[in-house]
Number of protein chains: 2
Amino acid sequence: MPRTAQLSKTERAQRLIPIFQHYGYDGATLNKLASATELSKASLYHHYPKGKEDMARHALAYMGSLLQKHVLAPLSGPDPEQAIQNSLSGVLNYYNGDTPICLMNSLMLGNGKTLFGKAIRETVKVWAKLLSQNIAKTGIPVIEAQEISSQTIEAIQGSLILCRIHETDTHLHDCIQNARKNILG
Amino acid sequence: MPRTAQLSKTERAQRLIPIFQHYGYDGATLNKLASATELSKASLYHHYPKGKEDMARHALAYMGSLLQKHVLAPLSGPDPEQAIQNSLSGVLNYYNGDTPICLMNSLMLGNGKTLFGKAIRETVKVWAKLLSQNIAKTGIPVIEAQEISSQTIEAIQGSLILCRIHETDTHLHDCIQNARKNILG
DNA sequence: GTCTATATAGGGATAGAC
DNA sequence: GTCTATCCCTATATAGAC
């Protein structure tokens with residue numbers, strides 16, 4: 001355990017994330033990022049030599065690790081129905097604010113899309129594939145399982161949009177409830 | 001018909017919109033907006049005295065008029081099932097690119113959210129209310145109709161996110177197909 | 001590893017000629 | 001109604017002291 005820095009790498013990522021979520025890549029200024037981390041702009045460059053791009057990359061990587069932990073890893077369990085159940089619950093832990101926001105979505109505009117669009121696309125593909133495989137394992141035809149998987153992820157993303165618009169978390173919770181019903185009966 | 005300007009107000013709005021859609025409010029620079037309209041930055045200020053805020057406001061207003069025409073007006077028809085059918089078809093006309101993008105969604109970050117968040121929220125509320133009223137008129141209990149309406153708009157927004165990520169329009173078309181089935185059987 | 005100070009570019013916005 | 005030229009400010013990034 002390094003005892004040198006005031007904030008650990010993880011803690012810094014946790015401070016950077018809300019800025020990118022609320023302002024997007026182009027709207028996230030170094031002044032905002034410096035305030036959030038309680039560092040000077042120059043100090044930020046010590047930790048993130050390539051500047052804002054590095055900061056966003058680390059923020060995205062940290063959220064990627066949380067997605068892995070809460071949403072994707074559960075989909076590798078032995079029992080498909082339990083796996084889906086756990087993964088859907090994990091979605092609520094992954095998107096966990098009063099008004100939950102998807103960092104990947106916030107980074108899909110302007111320079112953010114140019115820099116991270118490909119990585120985000122691949123992440124979403126992995127999620128959709130793992131979910132569809134589990135749905136198929138419950139006895140649903142593969143083609144149909146793929147459709148349900150895709151619709152589920154779309155519903156989650158859509159609910160997050162409405163959460164952002166109405167500044168609430170109810171749409172996401174309702175969405176997960178519906179997903180449970182639709183997939184698991 | 002004024003024959004003075006090279007581009008009409010509507011034509012200018014049509015040029016500004018893609019910039020705000022792809023870059024968001026903060027990412028849409030005056031240089032990009034000037035290029036898109038084939039005007040100098042100074043000329044833009046003649047048409048939009050308050051600058052970028054005015055440009056985004058006009059872009060949003062123009063898309064609002066299209067939403068009214070394609071999606072909302074049909075919901076005032078006499079036959080609720082036909083109204084829903086026409087409105088869902090209208091959604092495909094409203095979001096009409098190779099990779100359809102929602103301007104309101106692109107403006108829900110950073111300064112865009114500060115400036116237009118309230119107006120966007122009200123627009124979505126109107127849409128949800130009109131849709132739910134029509135669903136209720138088909139004989140579905142009001143509470144349930146509200147849920148279906150909300151879920152439909154969420155599904156549309158979610159499908160647009162996936163269209164943006166995968167650079168396609170298929171998710172939106174599939175979404176509208178499913179909405180037809182879900183609501184109209 | 002942190003900071004102040006600074007360099008350089010680009011952003012939004014305006015003046016004023018045509 | 002359009003433009004060039006300009007202004008001021010902020011944004012990103014770097015230099016170099018501590």
Side-chain angles (χ1 to χ4, degrees), chain A residues 1-60 106-107 109-116, chain B residues 1-60 106-107 109-116:
Chain A
M1 285 295 213
R3 300 262 70 235
T4 51
Q6 293 191 336
L7 270 60
S8 70
K9 187 178 164 185
T10 296
E11 288 167 330
R12 284 198 312 271
Q14 289 169 339
R15 305 276 191 115
L16 296 174
I17 284 161
I19 307 299
F20 286 112
Q21 284 175 326
H22 288 290
Y23 297 97
Y25 185 80
D26 294 322
T29 66
L30 290 188
N31 280 328
K32 289 189 174 76
L33 295 163
S35 295
T37 53
E38 294 170 293
L39 287 170
S40 69
K41 286 186 270 182
S43 293
L44 276 177
Y45 276 87
H46 172 76
H47 296 286
Y48 309 97
K50 288 184 199 156
K52 196 162 79 164
E53 180 179 337
D54 261 7
M55 299 175 214
R57 200 178 299 283
H58 278 78
L60 205 48
S106 293
L107 290 179
L109 279 174
N111 289 315
K113 179 175 177 182
T114 303
L115 292 169
F116 309 115
Chain B
M1 284 294 212
R3 300 261 70 235
T4 51
Q6 291 191 337
L7 270 61
S8 70
K9 187 177 165 186
T10 296
E11 287 167 331
R12 283 197 312 271
Q14 289 169 340
R15 306 274 191 117
L16 296 175
I17 284 162
I19 307 300
F20 286 112
Q21 285 175 325
H22 288 291
Y23 299 96
Y25 186 81
D26 294 322
T29 66
L30 289 188
N31 280 328
K32 288 188 174 76
L33 295 163
S35 295
T37 52
E38 294 169 294
L39 288 169
S40 67
K41 285 189 273 182
S43 293
L44 277 177
Y45 275 87
H46 172 75
H47 297 285
Y48 309 98
K50 288 184 200 157
K52 196 161 82 164
E53 180 179 339
D54 261 6
M55 299 175 214
R57 199 177 299 284
H58 278 76
L60 204 49
S106 293
L107 291 178
L109 280 173
N111 289 314
K113 179 175 177 181
T114 304
L115 292 168
F116 308 115

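Below, chains carry the letters A, B, ... as their sequence lines are ordered, and counting in each starts from 1.
No contact: B:Ala34 has no heavy atom under 4.0 Å from any strand. Contact annotation for B:Thr29: backbone-only contact, meaning every heavy-atom pair under 4.0 Å involves sugar-phosphate atoms and none involves a base.
A parallel orientation is assigned to the rings of A:Tyr25 and A:Phe20, their planes being inclined by less than 30° (bins at 30° and 60°).
Checked for salt-bridge contact, B:Glu11 and B:Arg15 miss the test: no charged N lies under 4.0 Å from a carboxylate O.
Contact between the side-chain N/O atoms of A:His46 and the OP1/OP2 oxygens of D:dT14 is not found at any separation under 4.0 Å. Checking the phosphate oxygens (OP1, OP2) of C:dC3, a side-chain nitrogen or oxygen of A:Ser43 falls inside 4.0 Å.
Rounded to whole angstrom, the span from the CG atom of B:Asn31 across to the P atom of C:dG11 amounts to 5 Å. Between A:Asp26 atom CG and C:dA9 atom P there is a gap of 20 Å when expressed in whole angstrom units. Counting to the nearest Å, the P atom of D:dG1 and the CG atom of B:Leu39 are 11 Å from each other. When rounded to the nearest whole Å, the span between OH of B:Tyr45 and P of D:dC7 equals 17 Å. To the nearest angstrom, P of D:dC3 lies 11 Å from CG of B:Leu7. The separation between A:Lys41 atom NZ and D:dT10 atom C1' is 8 Å, rounded to whole Å. Nucleotide D:dT10 holds its P atom 14 Å from the NZ atom of B:Lys52, rounded to whole Å. If you take CG of B:Asn111 and P of C:dG11, they are 15 Å apart, rounded to a whole angstrom.
In this structure, the nucleotide among D:dG1, D:dA15, C:dA13 sitting nearest to the side chain of B:His47 is D:dG1.
Two residues are said to be in side-chain contact when any heavy atoms from C-beta on lie closer than 4.5 Å; A:Asn111 and A:Lys52 fail this criterion.
Partner of A:Tyr48 under the side chain to side chain donor-acceptor pair (under 3.5 Å) criterion, out of A:Arg12, A:Glu53, A:Arg57, A:His58: A:Arg12 alone.
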